[in-house]
K.L.:
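Below is one structure. I have some questions about it.
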Amino acid sequence: MTAAADVVVLGGGVIGMTAAVTLQQRGARVTVLFADDPADTVSTVAAAVWYPTHTDEDRRVLDWARQTYTELSRQAAGGVPGVVDRPTRMLLRDPYAGPPWWAPACADLVAGSAAPPYTAQLRFTAPTVEMSPYLAWLRQRLTAGGGRLLRRRVRWLADAFDIAPTVVNATGLAAGRLAADPAVYPVRGHLVLVANPGLTVSVRDEDHPAGITYVHPRRHDVVLGGTYQPGVGHTAPDPDTAAAIRRRCVDLVPELADAPVLGERIGLRPARYGGPRVELDPSSQSGRRLVHAYGHGGAGVTLSWGCAAEVADLALNGRAGTTGPRQALTRPTPPQ
Ligand SMILES: Cc1cc2nc3c(=O)[nH]c(=O)nc-3n(C[C@H](O)[C@H](O)[C@H](O)COP(=O)(O)OP(=O)(O)OC[C@H]3O[C@@H](n4cnc5c(N)ncnc54)[C@H](O)[C@@H]3O)c2cc1C
């Protein structure tokens, strides 16, 4: 293959595609290599609601989340396929201790009272995304601007330098092997899809004692969640878990009681101790740059456009430029 690109992005999920589109907007000739059919990526499975799930308080993550919130809201207003701003009610079980650390990233968060067993609720607008049409729109945007998409699995990251002098590693869970990074681990997630009986508001009960619980309406269906199982690395069906998710969600939103089940989705969130890795690889030298962009866990959609801006800075300038001073990433406790 000839070097017809400035940057090759490895990965056609939401992290790779938003990085590719951003790089192209900044004038780079971009090729994306992706190993799997887009329908088989974890990005397609995602409930894809803006919310920094299981991310620790961190200035850098807050910046990414804020930039992404702004961009997705702009896209919702502009009619981008699959993107909608949804009113959200987030029910709390612990005594209310003030706005969460991520509150500055959203436009309109307010706290209010809630009936027991809840102690309070947060109301805010959350951009939500239907990933199949959205990823198709990103691919179309890239190719319309002259970018290339090639289905090809690289064996080693270095193989991609055959195509371009700058490589972006956005391979999600596969980055654990490709970048020899032992901090990467899977977090299994399970969703049930039901017909939408007319719901328009997202409802979350993150701390439900039986497991994370949420109801996210979309145009034609409702996403019921879920599970968050660190270290579980298979996607085999589990009817008992699906039934339990449905029961919890009907308790939360009784209008769902008779909603027919349309399907299930199971995926492995690409998590990483220490948070997402978005940085220049230390092996980069003049003429060859390797930028990592992986490990976004349960928040890849939520952080996508902010990360993409930083990836573009690193790939084109060799340094982060837009997200302010770096702070050490906090390290969550490894799963037992
Ligand atoms: C049940 C569930 C619900 C979720 N809900 C939300 C939510 O509400 N909000 C949110 O923000 N996030 C959510 N997420 C998380 C989100 O899905 C991920 O953070 C995000 O999709 C990660 O994107 P990615 O591009 O890093 O990885 P992926 O989508 O896995 O993409 C990786 C890409 O790399 C390619 N690749 C891998 N190996 C190679 C190779 N050797 N050569 C070339 N290409 C390669 C793959 O083919 C693929 O194209 C959810 C996840 C799950 C499972």
Side-chain angles (χ1 to χ4, degrees), residues 8-20 31-55 61 64-65 68-69 72 86 88 126-131 134-135 138-139 149-160 163 167-179 184 186-193 202 204 206 212 214 216 218 223-229 232 235 241 245 264-272 275-278 292-308 311:
V8 57
V9 176
L10 301 178
V14 69
I15 297 301
M17 288 309 304
T18 50
T31 293
V32 175
L33 301 186
F34 58 99
D36 306 289
D37 187 287
D40 295 331
T41 62
V42 69
S43 293
T44 301
V45 171
V49 174
W50 184 95
Y51 178 71
T53 302
H54 285 262
T55 49
V61 171
W64 293 334
T68 307
Y69 188 101
L72 290 177
R86 284 260 173 237
T88 302
T128 65
V129 183
E130 287 184 46
M131 290 307 286
Y134 188 63
L135 287 169
L138 288 171
R139 289 192 295 272
L149 281 157
L150 302 174
R151 186 161 180 184
R152 176 174 151 193
R153 183 182 297 275
V154 298
R155 184 122 195 266
W156 310 107
L157 295 178
D159 294 348
I163 297 175
V167 175
V168 174
N169 170 24
T171 54
L173 206 50
R177 182 190 73 76
L178 288 165
V184 177
V187 179
R188 179 179 155 114
H190 194 148
L191 306 173
V192 178
L193 305 180
S202 276
R204 319 185 72 106
E206 295 283 308
I212 183 171
Y214 49 78
H216 296 311
R218 304 195 294 191
V223 178
L224 311 184
T227 62
Y228 192 90
Q229 298 169 274
V232 180
T235 55
T241 299
I245 290 170
E264 286 176 49
R265 299 284 182 273
I266 298 170
L268 304 178
R269 302 171 179 94
R272 181 173 182 270
R277 184 178 185 199
V278 179
H292 296 290
Y294 63 84
H296 295 77
V301 179
T302 305
L303 306 179
S304 54
W305 288 101
C307 280
V311 166

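Source: prediction; values computed, not measured. Whatever order the structure lists ligands and atoms in, that order sets their numbers, starting from 1.
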K.L.:
Looking only at protein heavy atoms, identify the closest one to atom 35 (C) of ligand 1 and say how far it is in Å.
P.N.:
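Protein heavy atom at minimum distance: G11 CA, 3.7 Å.
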K.L.:
Which residue and atom name correspond to the protein heavy atom nearest atom 24 (P) of ligand 1, and how close is it?
P.N.:
I15 CG1, 3.8 Å
K.L.:
Between ligand 1 and L10, can you find any atom pair, the residue atom being a heavy atom, that is separated by under 4.0 Å?
P.N.:
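Contact absent.
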K.L.:
Less than 4.0 Å is my threshold; does some heavy atom of P270 fall inside it relative to ligand 1?
P.N.:
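True for this residue.
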K.L.:
So which heavy atom on V32 is nearest to which on G11, and how close?
P.N.:
CG1-O, 3.5 Å
K.L.:
Any idea which atoms of ligand 1 are less than 4.0 Å away from a heavy-atom of R152?
P.N.:
42 (N), 43 (C)
K.L.:
To the nearest 0.5 Å, what is the distance between CG (L173) and OG1 (T41)?
P.N.:
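It is 12.5 Å, given to the nearest 0.5 Å.
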K.L.:
Hey, does the side chain of R269 reach the backbone of R188 with a donor-acceptor pair shorter than 3.5 angstrom?
P.N.:
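Yes, the answer is positive, given that a donor and an acceptor are paired below the 3.5 Å cut-off.
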K.L.:
Quick one: does L173 get a heavy atom under 4.0 Å from ligand 1?
P.N.:
no
K.L.:
Taking heavy atoms and a distance under 4.0 Å, where does L178 meet ligand 1: side chain, backbone, both or neither?
P.N.:
side chain
K.L.:
Are the side chains of R204 and T53 in touch, meaning some heavy atoms are under 4.5 Å apart?
P.N.:
yes
K.L.:
To the nearest 0.1 Å, how far is atom 28 (P) of ligand 1 from its closest protein heavy atom, and which atom is that?
P.N.:
V42 CG1, 3.5 Å
K.L.:
Between S43 and ligand 1, which part of the residue brings a heavy atom under 4.0 Å of the ligand: side chain, backbone, both or neither?
P.N.:
both
K.L.:
Please say whether the positively charged group of R277, taken as NZ for Lys or CZ for Arg, lies over the ring of Y294, i.e. under 6.0 angstrom from the six-membered ring centre and within 45 degrees of the axis.
P.N.:
no
K.L.:
Taking the side chain as C-beta and beyond, is there a heavy-atom pair between L193 and R218 under 4.5 Å?
P.N.:
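The answer is yes, as the side chains (C-beta and beyond) meet within the 4.5 Å cut-off.
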K.L.:
Any idea how Y69 and W50 line up, ring-wise: parallel (<30°), tilted (30 to 60°), or perpendicular (>60°)?
P.N.:
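It falls in the perpendicular class, over 60°.
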K.L.:
Side chain, backbone, both or neither: which part of A48 comes within less than 4.0 Å of ligand 1 when only heavy atoms are counted?
P.N.:
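Answer for A48: backbone.
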K.L.:
What residue and heavy atom of the protein are closest to atom 2 (C) of ligand 1, and at what distance?
P.N.:
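I find the closest protein heavy atom is R269 NH2, 3.9 Å.
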K.L.:
Give me the residue, atom name and distance of the protein heavy atom closest to atom 49 (O) of ligand 1.
P.N.:
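For atom 49 (O) of ligand 1, the nearest protein heavy atom comes out as G12 N, 2.8 Å.
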K.L.:
Just by distance, do the side chain of T31 and the backbone of V8 share a donor-acceptor pair under 3.5 Å?
P.N.:
no
